[in-house]
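Reviewing the structure listed below.
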Amino acid sequence: MAAWRSWAALRLCATVVLLDMVVCKGFVEDLDESFKENRNDDIWLVDFYAPWCGHCKKLEPIWNEVGLEMKSIGSPVKVGKMDATSYSSIASEFGVRGYPTIKLLKGDLAYNYRGPRTKDDIIEFAHRVSGALIRPLPSQQMFEHMQKRHRVFFVYIGGESPLKEKYIDAASELIVYTYFFSASEEVVPEYVTLKEMPAVLVFKDETYFVYDEYEDGDLSAWINRERFQNYLAMDGFLLYELGDTGKLVALAVIDEKNTSVEHARLKSIIQEVARDYRDLFHRDFQFGHMDGNDYINTLLMDELTVPTVVVLNTSNQQYFLLDRQIKNVEDLVQFINNILDGTVEAQGGDSILQRLKRIVFDAKSTIVSIFKSSPLMGCFLFGLPLGVISIMCYGIYTADTDGGYIEERYEVSKSENENQEQIEESKEQQEPSSGESVVPTVQEPKDVLEKKKD
């Protein structure tokens with residue numbers, strides 16, 4: 001009886017899960033060639049996938065949850081998916097070059113999603129891009145609400161101006177990453193001090209920074225640099241994104257599972273410098289910590305001791321290491337200042353020699369990882385080509401030997417021909433001149449010769 005109940009409960013759970021999957025899939029539309037003509041009528045969030053792609057299969061349940069959530073909150077954005085291998089011409093028209101590719105299509109505009117493939121991040125992207133490019137903040141209450149809701153956002157303060165036109169252009173390019181607002185001077189919080197109007201500000205880390213065209217250069221480049229919080233928990237994706245900012249990244253490389261004092265101490269030192277020295281370093285440095293050294297090892301092409309502090313230049317793969325352990329905040333500040341004034345030599349880089357070293361390192365790492373994960377597979381993958389190469393080398397060697405034998409025979413035949421020609425020439429020299437009579441030599445019979453001998 002108990003076994004029957006367990007089986008019934010298991011069957012009920014399986015049925016519920018199956019129904020949930022069916023319901024979720026019902027809010028994601030399968031798109032075909034007609035989508036090209038009808039897409040301008042709505043705003044679409046589309047997943048371009050390939051049936052054989054492993055990452056696409058991993059995204060599928062998340063994508064179904066996105067469709068269900070967008071429908072339940074009444075979003076105007078429709079969620080769909082398209083097999084890019086079956087409708088390759090449409091996928092190419094939208095610039096799809098890899099799988100999966102997530103795009104929000106709004107009129108004639110197409111926005112690429114480049115963030116983490118989680119439900120909340122994808123939905124946040126859809127809300128941000130599908131709305132107004134620049135959202136107005138009509139009151140201080142609305143301003144305070146945006147500060148609580150968003151960790152980083154940009155605000156244009158003032159009326160019509162050339163700066164506002166640049167701000168709109170930057171927003172159209174970078175709306176995929178962050179929010180853009182506009183407000184009047186009366187709406188701005190009292191703690192904000194503005195030297196001149198109009199102005200562009202970024203609010204983050206419980207403070208704000210004002211754009212200065214003389215010090216910060218191009219507005220779009222400044223927004224791209226400042227769209228991150230000053231301190232972040234880093235991963236490979238974030239480091240890749242930070243490569244476009246031009247900032248150096250000061251990292252505490254630690255093991256979060258390790259409870260020793262040294263790991264926590266280095267992390268707290270980085271956090272304190274990021275907080276207390278942000279006015280001094282925020283234009284040039286990004287701060288954070290990373291759990292584990294696997295990703296860093298691939299960048300440095302070396303085994304990095306954990307815990308430690310490393311400064312990365314992700315735009316050109318250079319890095320800076322101190323020859324001793326960081327002791328305190330002042331020690332780290334001195335190290336950063338030495339990097340800025342050029343007294344600390346950069347290591348690594350993207351020179352031709354470094355690129356060749358990276359190719360060798362990546363090949364070695366790949367081979368080692370294959371043999372560690374599956375020794376039999378490694379033996380098959382690398383033993384088979386080596387066997388084929390050995391057979392080819394043996395064949396080439398034997399072919400050379402036969403060729404040498406034939407060449408030797410040819411040389412012998414050639415020397416014999418030359419000797420024969422010399423003999424014929426000597427005979428011709430011994431022949432009498434044309435005026436003398438030629439008496440033919442007649443060979444006597446054998447019995448006559450024997451009688452003469454007797």
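Only a predicted model underlies this, so the values are computations on that prediction, with no experimental measurement involved.
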Closest non-hydrogen atom pair between [X] and [Y], with its separation:
X	Y	value
Glu173	Ser220	OE1-OG, 3.9 Å
Leu251	Ile270	C-CD1, 4.3 Å
Ile223	Ala170	CD1-CB, 3.8 Å
Ala126	Met70	CB-CE, 3.7 Å
Met142	Pro138	CG-CD, 4.0 Å

What distance do [X] atom [atom1] and [Y] atom [atom2] have between them, rounded to the nearest 0.5 Å?
X	Y	atom1	atom2	value
Leu104	Leu45	CG	CG	5.5 Å
Ile175	Ile134	CD1	CD1	8.5 Å
Asp284	His282	CG	NE2	9.0 Å
Leu31	Ser86	CG	OG	12.5 Å
Ile123	Glu69	CD1	CD	4.5 Å
Thr308	Leu321	OG1	CG	6.0 Å

Answer yes or no: is there an ion pair linking [X] with [Y], defined by an N-O contact shorter than 4.0 Å?
X	Y	value
Lys57	Glu60	no
Arg275	Asp205	no
Lys247	Glu226	yes
Asp216	Arg283	yes
Arg227	Glu241	yes

Residues which pass salt bridge (charged side-chain N to carboxylate O under 4.0 Å, His left out) with [X], listed by chain and number, not counting sequence neighbours:
X	value
Asp291	none
Glu185	none
Lys166	Glu213

Are the side chain of [X] and the backbone of [Y] linked by a donor-acceptor contact shorter than 3.5 Å?
X	Y	result
Asn258	Ser260	yes
Asp331	Lys327	yes
Asp121	Arg117	no
Thr245	Arg225	no
Lys106	Val129	yes
Asn338	Val344	no
Ser88	Ala84	no
Gln286	Gln229	yes

Within the 3.5 Å criterion, strictly below it, is a donor on [X] or [Y] matched to an acceptor on the partner's side chain?
X	Y	answer
Arg128	Tyr177	no
Ser172	Asp169	no
Asp294	Asn297	no
Tyr167	Ser161	no
Ser184	Glu186	yes
Thr343	Asp341	yes

For residues [X] and [Y], determine if any side-chain heavy atom of one lies less than 4.5 Å from a side-chain heavy atom of the other.
X	Y	result
Tyr211	Leu201	no
Val202	Val210	no
Pro51	Thr85	yes
Val311	Phe285	yes
Asn293	Glu303	yes
Arg265	Glu262	yes
Ile102	Leu59	yes
Leu219	Val200	yes

Phe143 and Phe203 aromatic ring geometry - parallel, tilted or perpendicular at 30°/60° bounds:
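Plane angle over 60°, so perpendicular.
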Quick check on the 6.0 Å ring-centre criterion: do Trp222 and Phe209 meet it?
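No, too far apart.
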Give a yes or no on whether the ring-centroid distance for Trp63 and Tyr49 is below 6.0 angstrom.
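No: the rings miss the under 6.0 Å criterion.
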Applying ring pair (Phe, Tyr, Trp, His ring centres under 6.0 Å), can you list everything that pairs with [X], at least two apart in sequence or on another chain?
X	value
Phe125	Tyr113
His263	none
His150	Tyr179
Phe287	none

Pairing residues for Glu165 by the side-chain contact (heavy atoms from CB on, under 4.5 Å) criterion, not counting sequence neighbours:
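Glu165 satisfies side-chain contact (heavy atoms from CB on, under 4.5 Å) with no other residue.
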Can you tell me if [atom1] on [X] sees more than 12 non-hydrogen neighbours from other groups inside 6.0 Å?
X	atom1	value
Met301	CE	yes
His55	NE2	no
Ile352	CD1	no
Lys71	NZ	no

Could you list all the ring pair (Phe, Tyr, Trp, His ring centres under 6.0 Å) pairs where at least one residue sits in [range], not counting sequence neighbours?
range	answer
residues 324-352	none
residues 228-259	Tyr231-His289
residues 64-109	Phe48-Phe94, Trp52-Tyr99
residues 306-333	none

